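Since this is a predicted model, take the numbers as computed values, not measurements. Below, chain A is the first sequence line, B the second, and so on; all start at residue 1.
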Number of protein chains: 2
Amino acid sequence: MKITYKGDYALKTILDLAGHFGSAPVAINDLSKRLDIPTKFLEQILLDLKRAGFVESRRGKIGGYSLAKEPAKITLGEVVRFIDGPIGPIACVDKQYSGCHDVESCVFRNIWSQVGNSISKIIDQVTFEDLLKRTNKANKTFNYQI
Amino acid sequence: MKITYKGDYALKTILDLAGHFGSAPVAINDLSKRLDIPTKFLEQILLDLKRAGFVESRRGKIGGYSLAKEPAKITLGEVVRFIDGPIGPIACVDKQYSGCHDVESCVFRNIWSQVGNSISKIIDQVTFEDLLKRTNKANKTFNYQI
DNA sequence: TGTATACTCTACTAACATAGTAGAGATTAT
DNA sequence: ATAATCTCTACTATGTTAGTAGAGTATACA
């Protein structure tokens, strides 16, 4: 697994929208500025996220994007898998792989599979509500430090 | 982290050499055929592994490659890191990353860091001696099944 | 009904990484 | 000598990533 910029941007965007859950939709431009993501790139990402059902949109003057589900119902794992693909560190874990044709290879595959599982255990447990709480907490701590 | 073909080939090669540890060096050609790796690509990989001190070579007629240390003293993690780079799923875990400049981002970084640690815990513990044993065991089982 | 604002969609592109290929050169056993 | 084997540098095809560009569609509001 590798988190690309696209994946990173998607996660940050969803976290931002999670912070506005229940309020008015947020315009791409606002997200783009606040999160420092190239606007046109973010457009594409949001369209992807919309097609996947993570966010919904509203066009026109007071339009923008909002989360399609409660933050507690979206996990980090779902989003990462959708944007950046399978979690396994090598293709053979998830699908057919030309390189693996004898027993020896399985010794490694077994380990890559373990690795995949241990990653999943972490990211499939964390929801955006969790992340939101941590963010707030972090900000509070940050304020105390000032 | 993503295991590339190069990484996969390197691991399989070292495991093969581990199986020949203490015996005569193995020629690139033999490795190439046995492991089904393009010869010229394998050459490059072996040169890299040699520079890193994992293997040593001997030129000339009875030349070839052999493991430079005992199989028990080489971990999967060392080789993976050397060939395919840092373990973390995103650059920000390992070095400076332009995308991370406010507190919010740290929520994710914290998780990617956890992910990196849990991967390390697995691959830094497994040595090529372990893998060798598992291979032998697997082959034995395989034979019984026939 | 016009217009500004915002999302929608498709196509294109520069830069980089991956997975090789090619070929000339150096060393060693016999 | 010469055959076998490692050594080194350069080149290349393909795919992925991280965008950019621009025309089109929907909606609020005056």
Separation of D:dT17 P from A:D84 CG (nearest whole Å): 7 Å
Which residues share a salt bridge (charged side-chain N to carboxylate O under 4.0 Å, His left out) with B:D124, sequence neighbours left out: B:R81
Candidate list B:L17, B:L67, B:T135, B:L15, test side-chain contact (heavy atoms from CB on, under 4.5 Å), partner B:F128, passing option: B:L15
Presence of B:K50 side-chain N/O under 4.0 Å of D:dC6 phosphate oxygens OP1/OP2: no
Separation of D:dC6 C1' from B:I45 CD1 (nearest whole Å): 15 Å
A:L49 CG to C:dC9 P, straight-line distance once rounded to whole Å: 14 Å
Ion pair check, A:R34 and A:D16, cut-off under 4.0 Å: yes
Degree of bending in the helix from C:dT1-D:dA30 to C:dT30-D:dA1 once both end axes are built from five pairs, to 10°: 0°
Positions of residues 18-31 of chain B (non-hydrogen atom under 4.0 Å from DNA chain D), listed by number: B:V26, B:A27, B:I28
Which atom of B:V26 lies closest to which atom of B:H20, heavy atoms considered: CG2-CG, 3.7 Å
Polar side-chain atom of A:S32 near backbone of A:I37 as donor-acceptor pair, under 3.5 Å: yes
Parallel, tilted or perpendicular: ring planes of A:W112 versus A:F108, cut at 30 and 60 degrees: parallel
Set out, line by line, the N/O atom pairs under 3.5 Å between protein and nucleotides 18-21 of chain D.
{"from": "D:dA18", "atom 1": "OP1", "to": "A:Y5", "atom 2": "N", "distance (Å)": "3.4"}
{"from": "D:dA18", "atom 1": "OP2", "to": "A:Y5", "atom 2": "N", "distance (Å)": "3.2"}
{"from": "D:dG19", "atom 1": "OP2", "to": "A:Y9", "atom 2": "OH", "distance (Å)": "3.0"}
{"from": "D:dT20", "atom 1": "O4", "to": "A:Q44", "atom 2": "NE2", "distance (Å)": "2.3"}

Atom of B:A10, atom of B:I83 and distance for their closest heavy-atom approach: CB-CG1, 3.9 Å
Sub-4.5 Å side-chain heavy-atom contact between A:M1 and A:I119: yes
Non-hydrogen side-chain atoms of B:K12 and B:L31 separated by less than 4.5 Å: no
A:P25 versus A:G64, closest heavy-atom pair with distance: CB-C, 3.5 Å
Closest heavy-atom pair and its distance - A:S120, A:I87: OG-CG2, 4.0 Å
Close residues, residues 51-61 of chain B, relative to DNA chain D [heavy-atom separation under 4.0 Å]: B:R51, B:S57, B:R58, B:R59, B:G60, B:K61
Sequence neighbours excluded, every pair satisfying side chain to side chain donor-acceptor pair (under 3.5 Å) that has a member inside residues 64-77 of chain B: B:T75-B:E78
Residues B:D130, B:K133: salt bridge by 4.0 Å N-O rule: no
Sugar-phosphate only, base, or nothing, as touched by A:L47 at under 4.0 Å among non-hydrogen atoms: base
Integer-rounded Å distance: C:dA19 C1' and A:I90 CD1: 14 Å
